[in-house]
Amino acid sequence: MSRNVYLPYSVTSEKAHIKSMEQYREMHKKSLESTAQFWSEIASQFHWETPYDVNNFYSYNFDVTKGPVQIKWMEGATTNVCYNLLDKNVRNGMGDKVAFYWEGNDPEDYSKITYKKLLEEVCRFSNVLKSKGVVKGDRVAIYMPMVFEIVIAILSCARIGAVHSIVFAGFSSDSLAERMADCKCKVLVTADSVYRGDKLLNIKSLCDIAMDKAKNFGHEVPTCIVVRHLPRLYRSMNTSNGTNGSNSDIIDLHSDVPWTDGRDYWWHDEMDDVEPSCYPVWMSAEDPLFMLYTSGSTGKPKGVLHTTGGYLLYAATTFKYVFDYHPGDVYWCTADIGWITGHSYVVYGPLANGATSVIFEGTPFYPDNGRYWSIIEKYKVTQFYTAPTAIRALMKFGEEPVKKHNLDSLKVLGSVGEPINPEAWLWYYQNIGQERCSIADTFWQTETGGHVITPLPGCTPMKPGSASFPFFGVKPILLDESGKEIEGVGEGYLVFNKPWPGMMRTLFGNHERFQSVYFSKFPGYYCTGDGARRDEDGYFWVTGRVDDMLNVSGHLMSTAEVESVLTEHPDVSEAAVVSRPHPVKGECLYCFVTPNHGVTFTPKLSSELVKKVRESIGPFAMPDVIQHAPGLPKTRSGKIMRRVLRKVAINDREVGDISTLADEHIVEELFKNRPEKS
Ligand code: WTA
């Protein structure tokens, strides 16, 4: 075993679900060799209205040359995910247990909801959706802040068999419009406004623009249901310090919300006179549960589709083992529900285990940089799950804000979204985990539905920066460029040749694209798009994307989507975007822009372009650098040589062989044009 290996959590490890690597290996072996038996034992803990058949538990084809790619688990069985998350727990005597603590943007603003109350609210909203004509299979778009109603909306969809399609509320109106038109949603659920730090965002106005734009894409959203969130915030600010807001403000804010009669409805009005009970719709295990858009390397987002039975099993099982969840724990995942991490590990995984979790609406920096640590202390959080970019941003403030808080309740710390650099890992381990907690560096994707490579607390000796070993049912494979499997130590394409229950089934309305994006490069394998290395101890180290995707603060985006926004500007002839390492964001956008003939590149143009990307995609996609490029380094066949641009971005003159370029001089020009000295 190499040096720098950490195995903490020893004090509590006798309580851990997986107590040793031997036990892990044995269970992992069983999960691969007796797959149906392994997962059916887990499935037996859930309610099935029509039972599954252990002898016909799953089937798949990953080889495009042998027919369409397909993945099926427990086909023929029926269940309801919402029933398993709520009714089952309430029936088991957990009705009064807190499902979620809610911590608002303002620290004075907090509340909680029990399993029983959550079920009641979900039933009510299910009835509201039904009253708007939503039936099994219909899509419901959700664009909301981190409030209880987003969870209620999600579970109501699951209860009546509607497919939720959540769009992260940091996306622009353009992005929302495109996604709503693609999934042809029958309803959009949103809120009036939300505070982010001290900034007020009127998200309903943004939804109105998006619903208008969706018409241009050929889809008219028939119904929009709006949570009145802002007056609630004002009310609490009013009672907490008496200085902000007043009743008249509340009324003004209410009437300020743009409204279209016949289409828009207030959530609270609709919830007023509906029944607090609603019989669940029994869904086939392979019926869609939800879709979630993720960036595609061609620029058009892909609607990743997850189904009912397999996703439920996988979200529940990964949550239990990866966070070593035990009754009595208080779990907190900081991810927004609009991303897959929020789907699987704020909503589905925790509720499937009857857990108590924290939902946080705000940011780590408001009202001060100790906010995360104060929340951990306030709720005595036992498992904390966040992203490397947040850790790096908080590291900058040193240990002082951390030391002001008691973090003794913590047992497990999670990381997700991008490779965690060893420096951030160690800071997290030492200062937040006090060298006592396990760190779960969880590698996974929107497409995988849940964790696929991750350490298990109390069991896996940890190496900072390595996601370590596969979860149950998962066998990672590394392929070389020719598609040959690499045995032992080596680096290559990270792929899988068999499915686990929580894997996506298709791309919504586009099975062709599903096959071509993920299964055509190496027939027989699902291609993650990431590279990975296996070391001498068998640990996996994910090295990052091998395609034209960027990961900015854990948000995946394609160079193509940013380039297409840049070239939409009337003064821009061509654009090429590459990623550059960034100390906090992990990667950032470095854009090369060639203006139209006769147009001068000015700081004004540059700032217009930054604004345009921000407005078209979302604030998280804001470019760090826009560089004037009199021309782009292209091969004679016209392909942009991005590796040269990546070198220019970091000012590294070791550009390698550029003899295939149509015009080699352009490279020197680009170095000369760098807007920064370093
Ligand atoms: C990257 C987020 C290394 C990876 C759950 C993947 C990671 C993409 C890790 C998926 C990790 C996520 N170590 N890389 N622990 N976690 N990634 O779909 O490139 O938003 O393919 O899902 O993030 O991003 P997505």
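In this text, all values refer to a predicted model and were calculated from it rather than measured experimentally. Counting convention: from 1, in listed order, for ligands and their atoms alike.
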Original post:
Between D652 and R643, is there a salt bridge with N-O shorter than 4.0 Å?
Top reply: no
**OP:** Taking only Lys NZ, Arg NE, NH1 and NH2, and the carboxylate oxygens of Asp or Glu, determine whether K585 and E418 approach each other closer than 4.0 Å.
**Re:** no
Subject >> First-shell residues of ligand 1 [heavy atom, distance under 4.0 Å] >> reply: I340, T341, V416, G417, E418, P419, D441, T442, F443, W444, Q445, T446, D530, V542, R545, N551, L556
Original post:
Under 6.0 Å from the six-membered ring centre of F540 and within 45° of its axis: does the NZ or CZ of R533 meet both?
Top reply: no
Original post:
Are K302 and E561 ion-paired here, with the side-chain N under 4.0 Å from a carboxylate O?
Top reply: no
Original post:
Hey, is D329 close enough to K411 for a salt bridge, meaning N to O under 4.0 Å?
Top reply: yes
Original post:
Has K320 got its NZ or CZ under 6.0 Å from the middle of the six-membered ring of Y325, at an angle within 45 degrees of the ring axis?
Top reply: no
